[in-house]
Amino acid sequence: MNLVDSYGREIDYLRISITDHCNLKCYYCTPFSGRSHLERSEILTYEEMLNVARAAAAVGITKIRITGGEPLVRKGVVEFCRMLSDLDGLKSLALTTNGIYLEEMAEPLFKAGVRRINISLDTLRPERFEKITGYNWLPRVLAGIKRAEDIGMHPIKINAVVMRGINDDEIEELAALTLTRPYHVRFIELMPTSGSAHGDYETLFMPVEEFMKKIHQIERVQIEPTTDSCGPARLCRLPGAVGKIGFIAPISWHFCGSCNRLRLTADGKIKTCLFSQKEIDIKNALRTGATLNEIIDIFRQAVAEKPSGHHLNAKDHQNACSRAMRAIGG
Ligand code: SAM
């Protein structure tokens, strides 16, 4: 069964944020003011999320990504992944993590069916890592990446958010990881979300065209056509590299025309677009005994209400996203 929205896009991808808690405090992601965490009772239980996933898979979602907050801080995540893997119709289960707990959790996650993993890593320099995240844990992330590779996870995607004056001088170094390792290293434009980056967004934002130029060999690499598994990234390869590099530019290159995703927040809202204020509540239905068909109806309603796109640019971004990325899951 296919889920097609009002603009003819096939929707087959659901991102589930299982918690808004995180063990890092990245200053472009963590809100600097206001209430910081959801109460436990506000967060969907795994059983509730599984009901949404079951409904989603029944109507055509084939790929689910677990995210957060930091998904590996929530107890029971491995068992949840195993239950998702068993869902009829689901072809791919992926997870996005900061990698802090990955060294010890890669194997159980792999056994639970997680094959595709995205790891956030904005810098390879320990002091800088601490400055960005608040903790001196770079070695843990690197050990986690290695463990995921050793255990056979594939592809391993390393996501770096590029920020002017913070890590834009490290693009070549990060890209060079692909010379010897089979990773996809993807450089991402900073997005305007509610949180501490908001105040100095215009200073930190660097457009993709500018940071692409920082990889000196870029003219000699082939841009590969995007395929399903690459999502919004435009991929290329350094000469002789085993891995790939990618560029994701939600501001400079809107990819709304091929957007295939919905998001479920930890507190039970379906978001139809990262940059839309609109959220469709599904928690109330889940907590008042809705049947599978009723949950499917809410899911279909969300698909029907998915907007054609966002209209953000680097200058006009006020109120772009009312919640911190940590609460939505990226
Ligand atoms: N804790 C996990 C992690 O670190 O990957 C998953 C959640 S995190 C919110 C998902 C992704 O969103 C991370 O790669 C993070 O770098 C990215 N992110 C957070 N705030 C962002 C922003 N303002 N612009 C671009 N990416 C952002």
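Ligands are counted one by one from 1 in listed order, and the atoms in each one are counted from 1 as well.
At least one N or O atom of Ser120 sits closer than 3.5 Å to an N or O atom of ligand 1. Residue-to-ligand polar distances keep Cys22 apart from ligand 1: every N/O pair is separated by 3.5 Å or more.
Listed by atom number, the atoms of ligand 1 under 4.0 Å from Leu190 heavy atoms are 22 (C), 23 (N), 24 (N). Each of the atoms 2 (C), 3 (C), 4 (O), 5 (O) of ligand 1 lies under 4.0 Å from some heavy atom of Asn98. Near Tyr28, meaning under 4.0 Å from any of its heavy atoms, are these atoms of ligand 1: 16 (O), 18 (N), 19 (C), 20 (N), 21 (C), 22 (C), 23 (N), 27 (C). Applying the 4.0 Å criterion to heavy atoms of Thr96 picks out, from ligand 1, the atoms 2 (C), 5 (O), 6 (C). Residue-ligand proximity, Glu189 to ligand 1, at heavy-atom distances under 4.0 Å covers atoms 25 (C). The atoms of ligand 1 that sit less than 4.0 Å from any heavy atom of Gly69 are 1 (N), 2 (C), 6 (C), 7 (C). Distances below 4.0 Å separate heavy atoms of Thr67 from the following atoms of ligand 1: 6 (C), 7 (C).
For Arg300 and Asp5, the salt-bridge test fails: no basic side-chain N is under 4.0 Å from an acidic carboxylate O. In summary, Glu104 and Arg147 do not engage in a salt bridge, as defined by a charged side-chain N under 4.0 Å from a carboxylate O. Ion pairing between a basic and an acidic side chain is recognised when a charged N comes within 4.0 Å of a carboxylate O; Glu103 and Arg140 show no such pairing. Ion pairing of Lys283 with Asp267 is absent here, as no side-chain N (NZ or NE/NH1/NH2) approaches a carboxylate O to less than 4.0 Å. Salt-bridge annotation for Asp281 and Arg287: absent, with no side-chain N of the basic residue lying under 4.0 Å from a carboxylate O of the acidic one.
Relative to atom 2 (C) of ligand 1, the option among Lys157, Arg65, Glu70 with the closest non-hydrogen atom is Glu70.
Residue contacts with ligand 1: Ala160 is excluded, as none of its non-hydrogen atoms falls under 4.0 Å.
Residue-level proximity to ligand 1 for Thr97 is carried by the backbone, the only part with a heavy atom below 4.0 angstrom. Residue-level proximity to ligand 1 for Val161 is carried by the side chain, the only part with a heavy atom below 4.0 angstrom.
Looking at Lys306, its side chain does come within 3.5 Å of a backbone N or O of Thr272 through a donor-acceptor pair.
For Asn136, there are no side-chain hydrogen bond (donor to acceptor under 3.5 Å, both in side chains) partners, not counting sequence neighbours.
Side-chain contact, Tyr28 with Asp122: a donor N or O sits under 3.5 Å from an acceptor N or O.
The stretch residues 73-84 participates, sequence neighbours left out, in these salt bridge (charged side-chain N to carboxylate O under 4.0 Å, His left out) pairs: Glu79-Arg82, Arg82-Asp86.
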